[in-house]
Amino acid sequence: MASKSFSYLLLIVSLKMSKFVLLLSIKKMNKIKKIAVMTSGGDAPGMNAAIRSVVRACAYYRKECVGIYRGYQGLIEGDFETFTARDVNNIVQKGGTILKSARSKEFRTKEGRKKAYENLKEHKIDALVVIGGDGSFTGGVIFNKEYNFPIIGIPGTIDNDIYGTSHTLGYDTALNTAVEAIDKIRDTASSHNRLFFVEVMGRDAGFIALNVGVGAGAEEILIPEEDLGLDRLLESLLKSKRAGKSSSIVVVSEGDKTGKNVFELANYVEENLPEYEVRVSVLGHMQRGGSPSCFDRVLASRLGVKAVELLIDGKTNLMVGLRDNKVQATDLEKAIKGIHAINTELLRVSDIMTV
Ligand code: F6P
């Protein structure tokens with residue numbers, strides 16, 4: 001009898017407890033009523049798909065959504081617009097960013113950040129989603145420390161140089177754009193028996209160069225993470241000439257370690273290997289434009305939803321990314337400070353392919 005009434009008591013307590021937990025989580029969910037989204041730093045294909053995802057996830061969870069134009073500069077200047085689910089129709093396939101992007105010097109000052117905070121308060125915005133690279137996340141972390149303002153980052157840069165995600169938004173599209181361009185360069189290189197140096201983007205990271213180099217069948221790949229050395233470059237080019245190759249492609253990352261820019265490299269090779277007729281092609285900003293690949297659109301949609309859900313759940317200072325093909329959160333500071341290492345196995349594969 002005693003044990004029966006004890007079990008009954010336990011049941012009542014646990015029911016009351018779960019009601020309490022439910023009320024607590026509803027309270028936490030209700031704390032976030034209005035979420036702002038911005039794009040910052042270098043643009044990347046897939047940013048529009050991410051904006052769309054944030055706006056639609058807000059609509060789904062009945063939260064208001066505000067778009068901030070021109071990144072942190074627009075935040076300082078109060079360049080805001082309310083976005084409903086229908087305002088982001090027909091943008092999933094568009095390159096660039098409808099919210100525009102900027103690099104704000106003013107946000108680096110205390111006064112600038114104060115203005116930004118006052119604007120957010122005035123518009124009753126409770127949380128911010130920042131789509132950008134490590135520079136944009138650094139601004140977010142400082143702002144959060146000063147004002148305890150909830151922030152979630154979505155990695156958007158073609159360089160793929162962010163820790164905590166295998167892919168950043170725009171990287172896959174940029175790879176495809178660059179490979180397509182190099183395929184075309186190969187046609188003319190082969191018609192004229194020429195050696196082409198093709199420079200791809202990646203100020204500090206060789207992800208684009210390495211993958212595009214393997215994908216487009218380059219003779220050599222020069223990246224910031226590995227110093228091939230000029231002698232080895234000459235040796236390798238000589239070897240391919242002797243192997244009977246009449247034309248060649250060398251893919252050079254913007255930030256490669258030879259100490260020479262791509263034009264100086266071309267001159268150096270022409271002076272030392274007169275048997276080669278050398279040309280240079282710099283792909284440049286075309287790699288940042290164009291319609292996002294399906295991969296980037298899907299990634300953007302997944303990351304946008306997760307960013308909104310984390311904020312509603314009371315989380316902050318995180319970056320959403322893709323690890324083991326699962327959407328996972330990483331501490332925002334760790335995402336900035338950590339090193340996303342390149343896959344060196346690809347260098348070995350490239351070597352074998354150029355036998
Ligand atoms: O988006 C990243 C990146 O493409 C780098 O690889 C490049 O060095 C840089 O942006 C150039 O950006 P901007 O011309 O906008 O200064």
Side-chain angles (χ1 to χ4, degrees), residues 37-55 67-74 87-104 130-136 153-162 165 167-188 196-213 215-216 218 223 249 251-255 262 280-304 322:
V37 57
M38 65 152 87
T39 47
S40 166
D43 64 343
M47 279 185 164
N48 279 328
I51 295 167
R52 171 181 178 266
S53 172
V54 170
V55 172
I68 298 171
Y69 287 99
R70 294 175 295 117
Y72 290 117
Q73 196 53 37
D87 292 326
V88 287
N89 285 354
N90 299 324
I91 66 164
V92 72
Q93 80 286 11
K94 283 193 177 141
T97 158
I98 58 159
L99 289 178
K100 313 264 179 196
S101 194
R103 293 187 171 103
S104 169
V130 179
I131 308 169
D134 53 357
S136 312
I154 295 181
T157 160
I158 63 161
D159 289 351
N160 204 34
D161 56 349
I162 309 262
T165 187
H167 291 73
T168 54
L169 289 185
Y171 169 56
D172 181 68
T173 307
L175 290 184
N176 290 314
T177 303
V179 162
E180 204 183 316
I182 297 174
D183 287 349
K184 290 179 179 159
I185 291 171
R186 182 180 284 286
D187 289 344
T188 167
F196 264 85
F197 279 83
V198 183
E199 186 191 90
V200 296
M201 274 191 166
R203 197 173 18 199
D204 309 307
F207 285 96
I208 297 181
L210 188 52
N211 283 272
V212 158
I223 54 172
I249 306 275
V251 173
V252 186
S253 179
E254 268 183 301
V262 70
V280 173
S281 185
V282 176
L283 298 190
H285 288 77
M286 59 115 77
Q287 294 160 97
R288 286 220 312 234
S291 181
S293 64
C294 184
F295 179 91
D296 274 327
R297 297 180 200 192
V298 174
L299 180 63
S301 307
R302 293 173 79 184
L303 298 186
L322 196 65

In chain order, what residues pass the side chain to side chain donor-acceptor pair (under 3.5 Å) check against Thr97, with sequence neighbours excluded?
Thr39

Please give me the minimum heavy-atom distance between Gln93 and Ser291, naming the atom from each residue.
O-OG, 2.7 Å

Pairs satisfying salt bridge (Lys or Arg N to Asp or Glu O under 4.0 Å), at least one member in residues 37-53, at least two apart
Asp43-Arg288

Apply ring pair (Phe, Tyr, Trp, His ring centres under 6.0 Å) to Tyr72 and list each qualifying residue two or more places apart in sequence or on a separate chain.
Phe107

Which residues share a side chain to side chain donor-acceptor pair (under 3.5 Å) with Asn48, sequence neighbours left out
none

Which residues pass the side chain to side chain donor-acceptor pair (under 3.5 Å) test with Glu199, not counting sequence neighbours?
none

Thr177: what forms a side-chain contact (heavy atoms from CB on, under 4.5 Å) with it, not counting sequence neighbours?
Thr173, Met286

Shortest non-hydrogen pair, Asp159 vs Arg203, comes out as OD2-N, 4.1 Å

On a heavy-atom basis, the closest approach of Gly170 and Ile158 is O-CG2, 3.6 Å

My understanding is that only residues two or more places apart in sequence, or in another chain, count here; which of them pass side chain to side chain donor-acceptor pair (under 3.5 Å) with Asp204?
none

Could you go through Val55 and Asp87, starting from their C-alpha distance and side-chain angles, then the distance that decides it, and tell me whether this counts as side-chain contact (heavy atoms from CB on, under 4.5 Å)?
CA-CA 9 Å; Val55 172; Asp87 292 326; 5.8 Å; no

To the closest 0.5 Å, what do you measure between CZ (Phe196) and CD1 (Ile182)?
11.5 Å

Note: Ile154 and Gly304 closest approach over all heavy atoms is CD1-CA, 3.8 Å

Indicate yes or no for a side-chain donor-acceptor contact from Ser101 to the backbone of Gly41 under 3.5 Å, with no hydrogens or angles considered.
yes

Show the nearest heavy-atom pair for residues Leu169 and Ala50, with the distance to one decimal.
CD1-CB, 3.7 Å

Among all residues two or more places apart in sequence or in another chain, which pass the side-chain contact (heavy atoms from CB on, under 4.5 Å) test with Asn89?
Arg56, Arg86

Can you name the side-chain contact (heavy atoms from CB on, under 4.5 Å) partners of Ala209, sequence neighbours left out?
Val200, Ile221, Ile223, Val251, Ser253

Pairs where residues 292-302 contributes a residue and the test salt bridge (Lys or Arg N to Asp or Glu O under 4.0 Å) is met, not counting sequence neighbours
none

Distance check, rounded to the nearest 0.5 Å: Leu175 atom CG versus Asn211 atom CG?
5.5 Å

To the nearest 0.5 angstrom, please state how far the OG atom of Ser293 sits from the CG atom of Asn176.
6.0 Å

So CG of Leu283 and CD of Glu180: to nearest 0.5 Å the spacing works out to 11.5 Å

Please answer whether the main-chain N or O of Gly202 pairs with a side-chain N or O of Glu254 as donor and acceptor at a distance below 3.5 Å.
yes

Taking side chain to side chain contact (heavy atoms under 4.5 Å, CB included) as the criterion, tell me which of Val37, Ile131, Ile68 meets it with Leu99.
Val37

Nearest-0.5 Å distance that lies between atom CG in Asp172 and atom CG in Leu299:
9.0 Å

Just say parallel, tilted or perpendicular for the rings of Tyr171 and Phe207, cut-offs at 30° and 60°.
perpendicular

Taken to the nearest 0.5 Å, the spacing of Leu322 CG from His167 NE2 works out to 7.5 Å

Taking every non-hydrogen atom, the tightest pair across Gly290 and Pro45
O-CB, 3.7 Å

Kindly state each residue pair satisfying salt bridge (Lys or Arg N to Asp or Glu O under 4.0 Å) with at least one member in residues 91-100, sequence neighbours excluded.
none

